[in-house]
Amino acid sequence: MTDPAETTETLIDDAVEYTVMTRDVVKIYRMGDSEVRALDGVSVTIRTGEYISIMGPSGSGKTTLFNAIGGLMKPTSGNVFIDEIDVAQLDANELAWLRCRKIGYIFQSYNIVKVMTALENVTLPMLFGGVPPDEAQDRAVDILKRVGLGERLLHTPKELSGGQQQRVAIARAFANQPAIILADEPTANLDLHTGEEIIDLMKEMNQELGVTVICSTHDHKMLDISDRIVWMRDGQLQKIARRDEVDIEINTMTEK
Ligand SMILES: Nc1ncnc2c1ncn2[C@@H]1O[C@H](COP(=O)(O)OP(=O)(O)OP(=O)(O)O)[C@@H](O)[C@H]1O
Ligand SMILES: [Mg+2]
């Protein structure tokens with residue numbers, strides 16, 4: 001199994017193009033007298049166009065790592081670089097721009113706007129991103145067709161199934177042609193079959209558009225389509241491996 005530090009350094013030595021690099025990221029939550037080290041020195045380098053799955057038991061720090069990479073939370077110490085930009089150095093406007101234009105977010109609970117139609121949900125981030133309304137709407141229709149919702153453009157979330165709502169969330173995440181998709185357990189609330197469809201869709205978009213995908217998951221099907229898999233434990237990277245290095249483990253692995 002590859003040592004995380006070794007993998008990271010090898011990538012840098014080879015000057016491989018990367019999209020995300022974290023360096024010794026620590027996140028400490030203080031709760032009265034006690035403290036939780038949700039992230040405890042995470043250094044990982046993710047190449048442009050890679051599909052990365054993050055695995056690990058509940059509480060191991062996956063969502064916290066996500067929030068750190070996505071600029072949704074400020075680490076206690078350490079650095080996060082997106083396309084060589086140190087996220088900590090950005091002011092509020094620059095950070096908002098990065099979140100809007102560079103990163104697409106997909107959450108376990110979909111998080112699409114309940115009072116808006118599928119079309120409005122996907123159009124909105126493009127309007128925020130400065131795309132003219134007519135063009136934004138045309139592009140939203142195209143993306144929604146792409147995720148199989150061409151017949152559901154005017155449905156609101158309550159008129160859509162869970163899998164369809166997650167498709168809207170995927171369409172929204174891809175709307176501004178981001179460099180990175182961050183997906184936090186996107187299939188956790190879906191049945192097996194629908195979950196597989198969502199996984200296939202994310203992989204297709206990753207391959208067609210060359211978007212870097214970082215996806216936390218408990219779903220072993222996700223591992224089959226990943227380029228590399230990162231295992232977390234107690235806020236640390238336990239190991240990183242390429243897909244072809246973990247064949248046997250995937251088939252025998254049980255959730256801890
Ligand atoms: N806002 C917070 N305040 C205090 N502690 C927190 C906070 N957010 C997370 N934690 C703690 O940090 C640790 C990591 O949490 P995190 O949500 O990153 O885990 P996770 O790997 O995503 O788990 P799951 O698989 O259940 O989603 C946990 O021990 C959690 O209790
Ligand atoms: Mg989580």
Side-chain angles (χ1 to χ4, degrees), residues 1 4 8 20-46 50-82 87-88 95 99 103-112 162-163 165-166 169-170 172-173 180-192 194-196 198-199 202 212-226 228-241 246 249-250 253-256:
M1 196 58 61
T8 306
V20 175
M21 182 165 84
T22 74
R23 278 290 166 268
D24 210 16
V25 171
V26 172
K27 179 66 182 180
I28 299 172
Y29 289 110
R30 292 186 205 286
M31 308 281 288
D33 287 342
S34 65
E35 61 177 39
V36 178
R37 292 180 84 83
L39 293 177
D40 192 10
V42 175
S43 297
V44 62
T45 304
I46 298 171
E50 258 194 310
Y51 195 114
I52 297 271
S53 284
I54 302 180
M55 302 279 292
S58 180
S60 58
K62 301 181 298 294
T63 296
T64 312
L65 179 61
F66 246 76
N67 292 343
I69 293 173
L72 302 170
M73 168 275 278
K74 201 170 155 31
T76 307
S77 62
N79 303 89
V80 175
F81 299 92
I82 307 278
V87 175
L95 192 59
R99 286 195 215 147
I103 303 173
Y105 303 87
I106 302 169
F107 302 96
Q108 176 178 345
S109 50
Y110 323 135
N111 284 19
I112 52 177
Q165 289 182 58
Q166 194 60 303
I170 291 174
R172 179 186 60 181
I180 305 162
I181 291 285
L182 285 174
D184 196 4
E185 301 201 39
T187 61
N189 285 349
L190 302 173
D191 65 73
L192 207 62
T194 313
E196 276 176 32
I198 293 295
I199 291 169
M202 286 178 44
T212 306
V213 177
I214 307 171
C215 180
S216 85
T217 186
H218 291 282
D219 192 336
H220 289 180
K221 292 219 169 44
M222 197 75 89
L223 305 188
D224 285 333
I225 57 153
S226 303
R228 284 192 299 161
I229 299 134
V230 173
W231 281 269
M232 292 195 69
R233 178 170 282 271
D234 298 332
Q236 298 184 334
L237 296 193
Q238 194 179 22
K239 57 185 174 184
I240 303 177
V246 290
E249 262 178 89
I250 286 173
M253 202 162 39
T254 49
E255 208 62 62
K256 293 184 198 110

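When a residue number appears, it is its place in the shown sequence, counting from 1. For ligands, and for the atoms within them, numbers begin at 1 and follow the listed sequence. All values below were derived from every heavy atom in this structure, side-chain atoms included, with hydrogens, water molecules and symmetry-related copies excluded.
- A distance limit of 4.0 angstrom between heavy atoms and ligand 1 selects the residues Tyr29, Met31, Val36, Ala38, Pro57, Ser58, Gly59, Ser60, Gly61, Lys62, Thr63, Thr64, Glu185, His218.
- Remark: Asp234 CG is loosely packed, at most 12 non-hydrogen atoms of other residues, nucleotides or ligands lying under 6.0 Å away.
- Of the possible polar contacts, none joining the Lys62 side chain to the Glu185 backbone as a donor-acceptor pair under 3.5 Å is found.
- Nearest heavy-atom pair across Met21 and Thr45 is CG-OG1, 3.6 Å.
- Within the protein, the number of N/O/S atoms found under 2.8 Å from the Mg ion (ligand 2) is 1.
- Looking at Arg99, its side chain does come within 3.5 Å of a backbone N or O of Gly71 through a donor-acceptor pair.
- Closest non-hydrogen pair, Leu223 versus Met55, comes out as CD2-SD, 3.6 Å.
- Applying the side-chain hydrogen bond (donor to acceptor under 3.5 Å, both in side chains) test to pairs two or more places apart or on separate chains, those with a residue in residues 26-36 are Arg30-Glu35.
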**Message:** Run Leu190 and Ile198 through side chain to side chain contact (heavy atoms under 4.5 Å, CB included) and show every step you take.
**Reply:** CA-CA 9 Å; Leu190 302 173; Ile198 293 295; 3.6 Å; yes
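- In terms of the side-chain hydrogen bond (donor to acceptor under 3.5 Å, both in side chains) criterion, residue partners of Ser53 (sequence neighbours excluded) are, by chain and number, Ser226.
- Each of Thr217, Thr63, Asn111, Asn67 was checked for a side-chain hydrogen bond (donor to acceptor under 3.5 Å, both in side chains) with Asp184, and the lone residue meeting it is Thr63.
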